[in-house]
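Below is one structure, written out as structure tokens; comments come after it.
Model, not experiment: these values are computed from the prediction. We name chains A, B, ... by the order of the sequence lines, and we start the count at 1 in each one.
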There are 2 protein chains.
Amino acid sequence: MSTTAQPKRNTWQREAVRAALAEARGFVSAQQLHQRLRDGGSTIGLATVYRGLAGLAESGEADSLQSPDGENLFRSCSTQGHHHHLICRSCGETRELEARVVEEWAQRVGAEHGFTDMEHVVDLFGICANCRASRGAAGA
Amino acid sequence: MSTTAQPKRNTWQREAVRAALAEARGFVSAQQLHQRLRDGGSTIGLATVYRGLAGLAESGEADSLQSPDGENLFRSCSTQGHHHHLICRSCGETRELEARVVEEWAQRVGAEHGFTDMEHVVDLFGICANCRASRGAAGA
DNA sequence: CCGTTTGTTGCGAACGATTCTCATGAGTAA
DNA sequence: TTACTCATGAGAATCGTTCGCAACAAACGG
């Protein structure tokens, strides 16, 4: 049911959100994106950014995760379908990962416990080589 | 500095939060916990529940994660140290997992990309056997 | 046991992110 | 072009969480 896409209209706002998201290198929050668009001269509304982002996330064009602060972060996704992320805690650099091992592990563990319809959240955070080199060792 | 615990006082409120959390089977939100305590006749304040939970989470006695709604959920943690969770999307039943495979994978992937100081977020969601039996197949 | 000291509590206000409302504006089809 | 709808945008409304502050009570010394 409802696998068919609803009739969405083509608006410059939707495109602007998509573009701005693609432009952003790491994960960005809706508010950040809205700010950037505004800074870029756009008159787009905050609510529209939220709506656009939600749409992109739903259609798989964007990926969303929650920051530790409880904010929703989005990122333009090149890899369609399921994948995970490796994110630099320092510079925000993000890489998409495939994780066959983890997929299988998740399935197996789920099955062992009698769980079905498994989903999982797997994200890796670390300090990338660049940041490590330029910062040496900076504490928390 | 400040690795040493701050001088915390022993109050019945703190104990009440701890007890209520231990009582709860799955993950609970601060608000839920507060409600239960109130229902139980306690006059504890909401802010205190928040403070108590934050304290428990920090000391490792409780584990916290964010619900898809952006709420902070807490759970009393028996397993000290690092571990993951398998959570039933339907009834909230939660099991603590060890995930050697995943730990190793995370380290390896991080290393391959030149990342250090790896951390990761890994949580599994599914429908447990019980719920599956009693609900058959309920769509989204 | 009593007074002092100072971290805790609890209330309500403040805050911040997200969603909703609704009148207006712009795609789309005829 | 005209009509029909859905999308937009501004601000209000929501909801979870944190803050500020005065009263309180746990730990301590005498």
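The other residues sharing a hydrophobic cluster with Val102(B) are Leu86(A), Leu97(A), Val101(A), Val102(A), Trp105(A), Val109(A), Phe115(A), Met118(A), Val122(A), Leu124(A), Leu86(B), Leu97(B), Val101(B), Trp105(B), Val109(B), Phe115(B), Met118(B), Val122(B), Leu124(B), where clustering joins ILVMFWY side chains under 4.5 Å apart. Connectivity analysis of hydrophobic side chains (ILVMFWY, heavy atoms under 4.5 Å, direct or indirect) links Tyr50(A) to Leu46(A).
In this model, the phosphate group of dT17(D) is approached by a side-chain N or O of Tyr50(B) to a distance below 4.0 Å at OP1 or OP2.
Considering only residues two or more places apart in sequence or on other chains, Ser29(A) meets the side chain to side chain contact (heavy atoms under 4.5 Å, CB included) condition with Gln31(A), Gln32(A), Glu71(A), Leu73(A). Shown here are the side chain to side chain contact (heavy atoms under 4.5 Å, CB included) partners of Ala24(B), two or more places apart in sequence or in another chain: Val28(B), Arg36(B). With sequence neighbours left out, the side chain to side chain contact (heavy atoms under 4.5 Å, CB included) criterion links Asp63(B) to Cys77(B), His83(B), His85(B). The side-chain hydrogen bond (donor to acceptor under 3.5 Å, both in side chains) test applied to Arg14(A) returns no partner, not counting sequence neighbours. Checked against side-chain hydrogen bond (donor to acceptor under 3.5 Å, both in side chains), Arg51(A) has no partners two or more places apart in sequence or in another chain. Scanning for side chain to side chain contact (heavy atoms under 4.5 Å, CB included) contacts around Glu103(A) gives His82(A), His84(A), Ala99(A), His120(A), with sequence neighbours left out.
In the region residues 28-46 of chain A, proximity to DNA chain C at under 4.0 angstrom, judged on heavy atoms, holds for Gln31(A), Leu46(A).
Each salt bridge (charged side-chain N to carboxylate O under 4.0 Å, His left out) pair with one or both residues in residues 105-121 of chain B, not counting sequence neighbours, appears once here: Arg89(A)-Glu119(B), Arg108(B)-Glu112(B).
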- Query: If the sugar-phosphate is the primed atoms plus P, OP1 and OP2 and the base is the rest, what is the B/S/- string for nucleotides 22-30 of chain C, using protein heavy atoms under 4.0 Å?
  - Reply: ----BBS--

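Atom CG of Asn72(B) and atom P of dA17(C) are 15 Å apart (whole Å). In this entry the distance linking CD of Glu71(A) with P of dT18(D) reads 14 Å, nearest Å.
Checking side-chain atoms of Arg38(B) against main-chain N and O of Ile44(B) turns up a donor-acceptor pair under 3.5 Å.
Direction of the helix axis in the helix from dC1(C)-dG30(D) to dA30(C)-dT1(D) shifts by 30° between the two five-pair termini, rounded to 10°.
In terms of position along DNA chain D, the nucleotide closest to Ala47(A) lies nearer the 5' end than the nucleotide closest to the other residue of the pair Ala47(A) and Gly70(B).
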